[in-house]
Amino acid sequence: MLEKKEKEDGLKIYNTLTGRKEEFAPVQPGHVGMYVCGVTVYDVCHIGHARSAIVFDVTRRYLRHKGYDVKFVKNFTDIDDKIINKANREGIPWTDVVKKYTDKYYEDMHRLGVEDADVEPRATGHIKEIIEIVKGLVDKGYAYVVDGDVYFDVENYKDYGKLSKRNPDDMMAGARVEVDERKRNPMDFALWKASKPGEPSWKSPWGPGRPGWHIECSAMSLKHLGGRFDIHAGGADLIFPHHENERAQSEAYTGVSPFVKYWMHNGFITVDKEKMSKSLGNFFTIEEILDKFDPGAVRLFLLQTHYKNPIEFSNEPLREAELALGRFYETVERVHEFVEKTPDEPGKEPPKGLEEAADGLMKKFTEAMDDDFNTAMAIGHVFELVKEINRFLDSKPRGPRAKDILRRAEAALREAGGILNLFEKTPLDWQRALLKVRHIGIEEPEIERLIAGRQEARKAKDFSRADEIRKSLEEKGIILEDKKDETVWRVKV
RNA sequence: GGCGGCGUACCCAAGUGGCAAGGGAGAGGUCUGCAAAACCUCCAUUCAGCGGUUCAAGUCCGCUCGCCGCCUCCA
């Protein structure tokens, strides 16, 4: 019993490989090795990429919060057909394509609050390791060479199809791809591709060429995390063929099985119920979304649904997320006001309820997150506490004890928010952010000036003048709220 | 054709055996020079449909209907 307690910490992860939620137990106690498939840098990122990045950013932060020493690896695919094609089309070196979209990736992700990985390896930086593995696979009889190409022989790897839950025979029957005559089996895939003249290439025992798509991840995960590590993650569309193939290569090469303990895959973003994708052209880029919405709202929108479920994309729920965030900051502002303005003299005993809710938040939050990173439920708990805080403030509490409880409540909100990398702004900064993102053509000092003018008018009981100022601001999307001794501005949502 | 997933209020969305979280919209109310905003309260005896297991089912099992994904590059 005691032993069990030490081993398990309550975290459960849905494992694509087994199709079940499993108790999380890392390969090495206290440490977590996590590999996330990043992007191929041939174009700008869309909201689907953002989802994957944000979901696993939170996974990482939560594991860290639980006290694990997390080594987080996220790769860039910086050589493949799409990159070469793009370079040809634009008449620029392929390395320029890589540079351009890698920079853009960082810009987008930083804006979304996605933390950089501990290691961010690139395929082209691991050619030596890749060749090493391909050579090993050929030597062991798992791969064969044809005209400078090297293929993985799926027939020799008995576990093929286990991750994506399909058997090779069925796949052959339904294969829609034109079969390459030189392959022994239609499912065989390239480990190394011979390059055509003019294409980027590296020297290899099989002639000049470049790595196949899947092999880079095998090489990089092996190098940076070892032959057996904890979590491998990516979008659900990577399950087949990418992760299936990667698994086959890695395990065939090292002989270690399973090389990954937990496979995690996030669901898609859909538009009109259809998967958002480059080929359908129904995608929204991160840049265009951030031009209209605050990054926090985007994060909240994405985390309000469990990571495995699909999310239907549209402006409406994003707007709702923004509204919800505003409500959060509004409450924080009320707390600050109360803490600043309430005298320290002893007051009546504050009502129960909030104290319990405040001190209990992290337990509930943790329980939700322990259940396969259920951010949707965890966020629900956060908003329950927000509601409780408001109820408490409405009861007109007094005294240092009430202040203390509110401080603890805010601290709990901040702690939960820190794990999600949400709710981190001050209420004023939130308004300033909205001012920008809504493209309201008026600067803060100007608003303050108008407010001051209106205060004058109010003092002089010139209410029609005061109302006029308010109205003119409202037309621009700024709402004025009269409080006891001041007037504050808000962006209309 | 093979494999997998989903269907919870007007909308979005948690909930995987024990009285249906949360957000938006809507309705009442508090506050206020008037407002607005904010806040509070209310808002699913019911979980696509039909059967079954159980003391107990949205939750497990079976079938039906509807939607989606993967099997080709894809987060």
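Chain identifiers are assigned alphabetically (A, B, ...) following the order of the sequence lines, protein sequences preceding nucleic acid strands; residue numbering begins at 1 within each chain.
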Task: B:A36 base / A:R470 side chain donor-acceptor hit below 3.5 Å - done: no
Task: Sub-4.0 Å heavy-atom contacts from residues 15-22 of chain A onto RNA chain B, ordered by number - done: none
- [ ] Using a 4.0 Å heavy-atom cut-off across all strands, classify A:E481 as base, sugar-phosphate, or nothing.
- [x] base
Open item on the list: Is it true that A:H242 and A:D237 share a donor-acceptor pair across their side chains at a distance under 3.5 Å?
Closed with: no
Show the distances under 3.5 angstrom between N or O atoms of the protein and N or O atoms of nucleotides 23-30 of chain B.
from: B:G23; atom 1: OP1; to: A:R327; atom 2: NH2; distance (Å): 2.7
from: B:G23; atom 1: N2; to: A:E320; atom 2: OE1; distance (Å): 3.1
from: B:G24; atom 1: O2'; to: A:E320; atom 2: OE2; distance (Å): 3.3

Open item on the list: Against the six-membered ring of A:F284, is A:K292 placed for a cation-pi contact (under 6.0 Å from the centre, within 45° of the normal)?
Closed with: no
Open item on the list: Side chain of A:R334, heavy atoms from C-beta onward: which of B:A37, B:A38, B:A14 has the nearest atom to it?
Closed with: B:A38
Open item on the list: Can you identify which nucleotide, out of B:C73, B:A75, B:C40, has its nearest atom closest to the A:N390 side chain?
Closed with: B:C40
Task: B:G2 versus B:C19 - spacing of their P atoms, nearest Å - done: 40 Å
- [ ] Name the closest nucleotide to the A:D467 side chain, picking from B:C34, B:C40, B:C70.
- [x] B:C34
Open item on the list: For B:C34, does the base pair up with any side-chain atom of A:R458 as donor and acceptor (N or O, under 3.5 Å, distance only)?
Closed with: no
TODO: Counting heavy atoms from C-beta on, name the nucleotide in B:A75, B:G33, B:G2 closest to the side chain of A:F463.
DONE: B:G33
Task: Nearest-nucleotide pick for A:D237, side chain only, options being B:A14, B:A75, B:U72 - done: B:A75
- [ ] Consider the side chain of A:E330, meaning its heavy atoms from C-beta on, and name the nucleotide among B:A37, B:A75, B:A14 that approaches it most closely.
- [x] B:A37
Open item on the list: Let's see if you get this right: which residues in residues 34-45 of chain A place a heavy atom under 4.0 Å from RNA chain B?
Closed with: A:G38
- [ ] Scan side-chain atoms only and decide if A:D272 and A:T270 contain a donor-acceptor pair under the 3.5 Å cut-off.
- [x] no
TODO: Using distance alone, with no hydrogens and no angle criterion, decide if A:E246 and A:S218 have a side-chain donor and acceptor under 3.5 Å apart.
DONE: no
Open item on the list: Quick check for you: among B:G69, B:A14, B:C67, whose closest atom lies nearest to any side-chain atom of A:N309?
Closed with: B:A14
Task: Donor-acceptor pair present, A:D482 side chain and B:C34 base, under 3.5 Å - done: yes
Open item on the list: Is there a side-chain contact between A:R391 and the phosphate of B:U41, meaning an N or O under 4.0 Å from OP1 or OP2?
Closed with: yes
Task: Distance, rounded to the nearest Å, where A:K308 contributes NZ and B:G5 contributes P - done: 10 Å
Open item on the list: Can you measure A:N245 atom CG to B:C71 atom C1' for me and round it to whole angstrom units?
Closed with: 12 Å
